[in-house]
There are 2 protein chains.
Amino acid sequence: MAVAVRTERIFDAAAELFVRYGVAKTTVDEIARAAGISKGAVYLEFRSKDALIEALVRQEMRVYVAAVLARVEADPDGGRLSRIYQHSARELLARPFLRALYTRDADVLGAYVRRGVPRQEATRSLLNNAFVQRLREANLIRPDIDAEVLSQVMGVVSLGLVTAGPSLGGTALAGVLDLVARMLATTVEPPAGQGDVEAGRKAFAELCAGIDAELAR
Amino acid sequence: MAVAVRTERIFDAAAELFVRYGVAKTTVDEIARAAGISKGAVYLEFRSKDALIEALVRQEMRVYVAAVLARVEADPDGGRLSRIYQHSARELLARPFLRALYTRDADVLGAYVRRGVPRQEATRSLLNNAFVQRLREANLIRPDIDAEVLSQVMGVVSLGLVTAGPSLGGTALAGVLDLVARMLATTVEPPAGQGDVEAGRKAFAELCAGIDAELAR
DNA sequence: TTCTGACCCGATCAACCAAATTGGTCAGAG
DNA sequence: CTCTGACCAATTTGGTTGATCGGGTCAGAA
């Protein structure tokens with residue numbers, strides 16, 4: 001089997017089992033069987049179970065960032081903050097393993113959550129201070145909005161969404177996300193039509209490229 | 001010692017110890033000693049440790065609701081949703097035991113979290129659907145905003161605030177809350193000056209009275 | 001060369017018991 | 001009468017041991 005597809009199968013199997021049973025209760029052998037290979041084959045690619053987890057985290061983040069970027073690129077208004085936020089939130093909510101990582105879900109991550117979850121900052125503050133600054137330079141954010149605070153607000157709301165997710169229905173979540181995006185649009189963005197949407201899209205593309213490069217490192 | 005002040009001491013001691021060591025690790029004797037009385041005296045007032053916890057939960061909620069109401073009453077703009085939300089959030093953030101209840105913090109509540117935390121709905125959805133409806137009738141909420149969704153958004157954001165609280169500084173939290181209130185004001189409330197602020201205040205007072213009556217039951 | 005699965009051994013778990021702890025009681029002190 | 005703290009029963013804890021499990025390896029199958 002080609003290495004690339006085998007790796008992908010391992011990642012898929014591991015992500016599903018981790019979400020279902022937690023990292024601690026999932027054995028390498030179970031992952032291997034779910035991926036249709038033997039345990040030994042897993043160790044041909046990963047030094048250890050921890051290395052597998054770390055690689056899975058990176059992979060999930062890369063796929064996530066790529067998916068968000070794709071949505072932004074396909075969206076005519078993709079360069080606006082409210083749209084970017086909505087796209088990132090939707091994709092985050094659709095990825096159980098990343099959600100667990102984001103909330104440091106102890107049931108899923110077990111002891112792994114205590115040994116500092118690596119590079120979680122990339123998720124936690126995808127839409128970070130620096131990025132918000134760039135949007136402001138493109139006139140896509142009102143000048144009286146503090147970039148740092150705005151970045152924190154988006155992080156807090158995401159955390160709330162991800163945490164409340166299970167107890168709200170999927171449709172309710174969609175409605176909630178819509179209203180949040182609307183709130184962002186009306187109070188943080190300049191009046192409709194203003195601002196350089198293409199610059200926003202470009203800034204986001206570069207942000208994603210930077211994160212991806214770091215994750216690929 | 002007068003029963004009332006003794007009860008209050010027990011509540012204070014219990015709340016502090018529960019937050020510090022968790023419900024499971026806090027013994028009734030420790031609570032009694034911290035309250036300056038003997039264990040037996042605790043059992044003069046509460047049937048069991050569980051009954052004490054339940055009573056504490058009710059008490060904390062009643063004090064919380066009363067504190068929010070006091071802030072709302074003292075605020076000239078107290079009837080507006082953004083103000084009410086800000087006041088409730090601030091008070092919630094200032095109450096560690098309620099925060100733990102709100103997030104179902106397993107470290108604090110221990111096994112108690114599994115035996116259905118009673119009446120947590122009162123906190124979770126203080127600003128519930130029905131209340132938002134009344135604000136809308138007082139022209140304090142734009143007619144195109146869905147009451148149910150708005151109520152959920154406020155719940156989600158509160159959850160995010162409370163969950164993220166410890167990792168953000170207190171000052172950062174204040175800034176975040178300010179921006180959230182501003183977002184609520186600009187997109188959910190009608191333009192400044194419109195709406196019957198007194199009606200909003202009255203509606204909130206009645207909401208509080210209703211909740212208090214239920215908690216006192 | 002690629003991959004398997006039996007094997008190794010340290011970590012974990014289940015079972016058990018004795019000691020300590022704690023929720024709850026109550027005789028009697030104040 | 002109010003309240004205390006010694007007391008009890010029941011649960012929990014700490015410690016031990018033997019069995020099991022699971023991460024990681026590698027001889028050899030395919």
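Naming: A, B, ... by sequence-line order, numbering from 1 per chain.
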Dump the pairs, protein N or O against N or O of nucleotides 21-23 of chain D, anything under 3.5 Å, distances to one decimal.
residue	atom	partner	partner atom	Å
D:dG23	OP1	A:K49	NZ	3.2
D:dG23	OP2	A:V28	N	2.9
D:dG23	N7	A:K39	NZ	3.1

**Asked** Can you pull the salt bridge (Lys or Arg N to Asp or Glu O under 4.0 Å) pairs that have at least one residue in residues 160-171 of chain B, sequence neighbours excluded?
**Response** none
Nearest-Å distance, [atom1] ([X]) to [atom2] ([N])?
X     : N      : atom1 : atom2 : result
B:Y21 : C:dT21 : OH    : C1'   : 17 Å
B:L44 : C:dT25 : CG    : P     : 11 Å
A:F46 : D:dT25 : CZ    : P     : 15 Å
B:L52 : C:dT22 : CG    : P     : 16 Å
B:R9  : D:dC3  : CZ    : P     : 12 Å
A:E45 : D:dG24 : CD    : P     : 15 Å
B:I37 : C:dG30 : CD1   : C1'   : 17 Å

**Message:** According to ring pair (Phe, Tyr, Trp, His ring centres under 6.0 Å), does anything in residues 149-176 of chain A pair up with another residue at least two apart or in another chain? List the pairs.
**Reply:** none
**Request:** Name all residues meeting the side chain to side chain donor-acceptor pair (under 3.5 Å) criterion together with A:D12; count only those two or more places apart in sequence or in a different chain, and write none if there are none.
**Result:** none
**Request:** Report the residues that fulfil side chain to side chain donor-acceptor pair (under 3.5 Å) with B:Y43, sequence neighbours left out, ordered by chain and then residue number.
**Result:** none
**Message:** Five pairs per end, C1' atoms only: what is the angle between the end axes of the helix from C:dT1-D:dA30 to C:dG30-D:dC1, to 10 degrees?
**Reply:** 40°
Can you list everything that forms a side chain to side chain contact (heavy atoms under 4.5 Å, CB included) with [X]? Sequence neighbours excluded, please.
X      : result
B:D75  : B:D77, B:R83, B:H87
A:A94  : none
B:N128 : B:S125, B:A130, B:F131, B:L207

**Request:** Answer yes or no: does a side-chain N or O of A:R6 lie under 4.0 Å from OP1 or OP2 of C:dC3?
**Result:** yes
**Asked** At what distance, to the nearest 0.5 angstrom, does CZ of A:R20 lie from CD of A:E30?
**Response** 11.0 Å
**Request:** In sequence, state the C-alpha distance, the side-chain angles, and the governing distance for B:Y85 and B:S158, and then conclude on side-chain hydrogen bond (donor to acceptor under 3.5 Å, both in side chains).
**Result:** CA-CA 9 Å; B:Y85 180 77; B:S158 298; 3.0 Å; yes
